[in-house]
Q: 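The following block contains the structure, expressed as structure tokens.
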Amino acid sequence: EKVAITKEQDALVKLIVEAYNKHQIPQDVTKKLLQEQYSTEENFLLLTEIATSQVQVLVEFTKNIPGFLSLDHEDQIALLKGSAVEAMFLRSAQVFSRKMPKGHTVVLEERIRKSGISEEFITPLFNFYKSVGELHMMLEEQALLTAITILTPDRPYVKDQQAVERLQEPMVELLKKLCVLQHPQEPQYFARLLGRLTELRTLNHYHAEMLTSWRVNDHKFTPLLCEIWDVQ
Ligand SMILES: CC(C)c1onc(-c2c(Cl)cccc2Cl)c1COc1ccc2cc(-c3cccc(C(=O)O)c3)sc2c1
């Protein structure tokens with residue numbers, strides 16, 4: 001039957017996209033990708049600064065998700081902590097798929113490859129970037145997928161999972177409709193998007209190992225990253 005977006009769904013996607021566009025890493029931070037030196041140390045510091053800025057952006061975006069601020073406050077924290085790494089993998093992956101001006105993408109790849117991450121994590125990391133890039137996601141899809149990732153009910157320490165499901169389900173339904181409408185020639189597109197969410201979960205595991213290996217080599221993180229990643 002004909003798939004159509006309801007008035008409410010149209011309002012919801014507009015809210016999510018508006019929040020997604022409103023909260024971005026400041027140019028003066030991402031511009032540094034092109035300017036600073038290329039040492040392993042410098043790359044790590046730069047990525048740490050960008051990740052910290054990204055977490056701040058993520059918190060602001062999340063606060064704009066309809067219903068999020070009505071959730072139990074401890075659950076709000078549990079959702080942010082549980083989804084931060086996945087949301088940042090999504091965000092940095094979308095940078096790669098969006099042909100960045102001024103060769104950001106090449107520079108970002110170079111800095112990630114030379115920031116003290118061991119080879120065994122570099123491969124799955126860039127495989128993920130490639131698989132996201134191949135989807136050529138539209139802005140609404142990127143914004144909704146990020147909101148869906150944040151609203152994952154079964155994160156550690158979430159008490160009222162049903163309340164989170166009630167927020168996530170309409171987003172998933174909406175994304176499904178958008179995929180059918182915006183990718184009519186590719187009926188399995190929505191399934192491929194959800195496949196990326198499964199891949200994100202495995203990257204969480206790799207990331208925990210990345211953190212450990214950085215810390216073993218006495219790399220320092222910012223207070224915000226320590227708080228959200230429970231390190232130091
Ligand atoms: C602490 C630090 C060393 C770290 O530890 N793990 C990771 C990580 C790495 Cl490596 C890969 C994936 C996920 C994580 Cl979490 C990181 C760096 O994480 C980030 C996080 C967000 C962004 C957004 C970017 C970006 C560039 C240009 C433009 C834009 C833009 O939004 O316009 C965004 S780069 C970037 C790097």
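Each ligand, and each atom within it, is numbered from 1 in the order the structure gives. Just so it is clear, the structure is predicted and the values come from calculations on it, not from any experiment. For this chain, numbers begin at 1 and follow the sequence in order.
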Q: Between Tyr129 and ligand 1, which residue portion shows a heavy-atom distance shorter than 4.0 Å: side chain, backbone, both, or neither?
A: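 For Tyr129, the contact with ligand 1 is made by the side chain alone.
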
Q: How does Leu225 reach ligand 1, if at all, at less than 4.0 Å between non-hydrogen atoms: by side chain, backbone, both, or neither?
A: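 Looking at Leu225 and ligand 1, just side chain atoms fall under 4.0 Å.
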
Q: Taking 4.0 Å as the limit for heavy-atom contacts, which would you say applies to Leu33 with ligand 1: side chain only, backbone only, both, or neither?
A: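 Within the 4.0 Å criterion, Leu33 contacts ligand 1 through side-chain atoms alone.
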
Q: Does only the side chain of Val95 get under 4.0 Å from ligand 1, or the backbone, or both, or neither? Count heavy atoms.
A: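 The answer is the side chain of Val95.
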
Q: Need the ligand 1 atom indices (1-based, order shown) with element for anything under 4.0 Å from a heavy-atom of Ile50.
A: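 Near Ile50, meaning under 4.0 Å from one of its heavy atoms, ligand 1 has 22 (C), 23 (C), 24 (C), 34 (S), 35 (C).
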
Q: N/O to N/O below 3.5 Å, does that happen between His207 and ligand 1?
A: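 Between His207 and ligand 1, an N or O pair is found under 3.5 Å apart.
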
Q: So which of Phe89, Phe221, Phe126, Trp214 gets nearest to atom 4 (C) of ligand 1, if we judge by its closest heavy atom?
A: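 It is Trp214 whose heavy atom sits nearest to atom 4 (C) of ligand 1.
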
Q: Cation over ring, Arg196 on Phe89, under 6.0 Å and within 45°?
A: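 No, a cation-pi geometry is absent between Arg196 and Phe89.
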
Q: Please lay out, stage by stage, how Thr149 and Ser83 fare under the test side-chain hydrogen bond (donor to acceptor under 3.5 Å, both in side chains).
A: CA-CA 6 Å; Thr149 302; Ser83 64; over 6 Å; no

Q: Report yes or no: is the cationic atom of Arg215 (NZ for Lys, CZ for Arg) under 6.0 Å from the centre of the six-membered ring of Phe221, at an angle within 45° of the ring normal?
A: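 So Arg215 doesn't make the cation-pi contact.
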
Q: Under 4.0 Å, counting heavy atoms only: does Trp229 come that close to any atom of ligand 1?
A: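 Flag set, Trp229 near ligand 1.
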
Q: Is there a continuous path of hydrophobic side-chain contacts, each under 4.5 Å between heavy atoms, that joins Tyr189 to Leu181?
A: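 As far as the 4.5 Å side-chain criterion goes, Leu181 and Tyr189 are connected within one cluster.
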
Q: Salt-bridged, Glu134 to Lys130, with N to O below 4.0 Å?
A: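 Judged by the 4.0 Å cut-off on N to carboxylate O distance, Glu134 and Lys130 do form a salt bridge.
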
Q: Mind checking whether Phe121 and Leu125 have side chains closer than 4.5 Å, heavy atoms only?
A: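 Counting from C-beta outward, Phe121 and Leu125 never come under 4.5 Å.
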
Q: Using a 4.0 Å heavy-atom cut-off, say whether Leu203 meets ligand 1 through its side chain, its backbone, both or neither.
A: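 No part of Leu203 comes within reach of ligand 1.
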
